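See structure below.
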Amino acid sequence: MSRPGPAGHASAGPAVRRAGADPYRGRVHVPELAWPTTAAQARAEQDRLRPLVRTTGSLPAPLRTVAGLDVAYGGDDRLAAAVVVLDADTLAPVDQATAVGVAAFDYVPGLFAFRELPALLAALAALSTVPDVLVCDGHGLAHPRRFGLACHLGVLLDRPTIGIAKTPLSGRYEPPDPRRGAGSALLADGEVVGRALRTRDGVKPVYVSVGHRLDLDAACALALRLTPRYRLPETTRRADRLCRDALAAAG
DNA sequence: GCGACAG
DNA sequence: ATCTTGTCGC
């Protein structure tokens with residue numbers, strides 16, 4: 001099963017410092033959590049927070065940093081969350097942090113956020129910088145109740161977020177053209193909840209959706225900026241490696 | 001009722 | 001997510 005509460009111990013990574021005024025200074029503000037125990041409570045919480053989602057907004061100009069978040073699992077509900085902050089132009093890492101702990105909820109499609117959010121927030125709190133945009137490994141609006149992990153995290157922090165998932169969860173779509181950059185609408189209940197976006201020629205698409213404070217075009221533009229070489233964004237790839245390492249290091 | 005079902 | 005053998009390709 002699972003337990004609510006703290007996600008365990010967090011550790012900051014070697015933040016890259018710059019001489020003079022530090023453009024990466026600051027801390028992400030992480031809220032206190034009252035975690036649900038049952039699926040019904042969790043859905044009620046999603047319905048309560050859903051109205052707070054903002055689905056408009058363009059990428060900050062200039063866009064300095066982008067964060068990638070991911071979680072790796074070990075046996076017995078153990079997990080490790082990681083956040084990696086990349087320079088938006090060079091995609092070089094400038095900060096990182098991890099947090100090990102226990103899954104905060106059982107895995108239930110549609111309630112995924114309740115499982116990973118506590119650990120992700122702990123990792124974010126250990127960061128020494130405040131990323132301009134947060135990229136989640138999962139969906140935002142492309143969710144049964146339009147409130148996936150990316151929306152949830154965005155609302156809790158009131159920061160710009162987007163979701164980039166490897167497989168669809170909610171919505172129908174036509175296969176986009178085979179070239180990188182092509183996309184097709186993810187439709188659910190007659191509305192566009194996201195976009196199947198081809199990030200590499202001839203490779204299956206990823207599923208991009210709005211999290212908070214950005215519109216779908218901005219989300220897709222960012223997804224393409226983060227995929228100069230592989231199907232998955234560099235943010236996700238870096239975070240994936242980091243959380244696996246953190247899990248292994250934790251024993 | 002039956003399938004589908006982020007990670 | 002994680003468990004896993006082999007296989008195709010750069």
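Just so we're on the same page: letters track the sequence lines, and every chain starts at 1. No experiment lies behind these values; they were computed from the predicted model shown. Side chains are part of it too, since the values below use all heavy atoms of this structure and drop only hydrogens, waters and symmetry mates.
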Checklist entry - Residues in side-chain hydrogen bond (donor to acceptor under 3.5 Å, both in side chains) with Arg172(A), at least two apart? => result none
Next on the checklist: Using a 4.5 Å cut-off between side-chain heavy atoms of Ile, Leu, Val, Met, Phe, Trp and Tyr, which other residues end up in the same hydrophobic cluster as Val193(A)?
Outcome noted: Tyr173(A), Leu186(A), Tyr207(A)
Checklist entry - Who pairs with Arg237(A) by side chain to side chain contact (heavy atoms under 4.5 Å, CB included), at least two apart in sequence or on another chain? => result Tyr230(A), Leu232(A), Glu234(A)
Checklist outcome for this item: With B for base contact, S for sugar-phosphate-only contact and - for none (protein heavy atoms under 4.0 Å), nucleotides 1-7 of chain B reads ----BBB
Checklist entry - With Asp137(A), which residues qualify under side chain to side chain contact (heavy atoms under 4.5 Å, CB included), at least two apart? => result Asp70(A), Lys166(A), Thr236(A)
Next on the checklist: So, using side chain to side chain contact (heavy atoms under 4.5 Å, CB included) as the criterion, who are the partners of Arg213(A) when residues are at least two apart?
Outcome noted: Arg54(A), Asp158(A), Pro160(A)
Item to check | Residues forming a side chain to side chain contact (heavy atoms under 4.5 Å, CB included) with Ala39(A), sequence neighbours excluded | outcome: Arg43(A), Leu111(A)
Item to check | Range-with-range stems of DNA chain C (Watson-Crick or G-U pairs under 3.5 Å, three or more in a row) | outcome: none
Checklist entry - If every non-hydrogen atom of Ala122(A) is compared with every non-hydrogen atom of Ala99(A), which pair is closest and at what distance? => result CB-CB, 3.7 Å
Item to check | Within the 6.0 Å centroid threshold, strictly below: His143(A) and Phe112(A) | outcome: no
Checklist entry - With sequence neighbours left out, what residues match Asp132(A) under side-chain hydrogen bond (donor to acceptor under 3.5 Å, both in side chains)? => result none
Checklist entry - Using Watson-Crick and G-U wobble pairs with both distances under 3.5 Å, what is the 5'-to-3' dot-bracket string of DNA chain B, with [ ] for crossing pairs and | for pairs outside the strand? => result .......
Grab the N/O contacts between the protein and nucleotides 7-10 of chain C below 3.5 Å, and write none if there aren't any.
none

Checklist outcome for this item: Residue pairs passing the side-chain hydrogen bond (donor to acceptor under 3.5 Å, both in side chains) test with at least one member in residues 181-198 of chain A, sequence neighbours excluded, are Arg146(A)-Asp189(A), Arg146(A)-Glu191(A), Arg195(A)-Asp217(A)
Checklist outcome for this item: Rounded to the nearest 0.5 angstrom, the CD1-CG distance for Ile162(A) and Asp215(A) is 11.0 Å
Next on the checklist: Less than 4.0 angstrom from a charged side-chain N to a carboxylate O is my criterion; do Asp177(A) and Arg179(A) meet it?
Outcome noted: yes
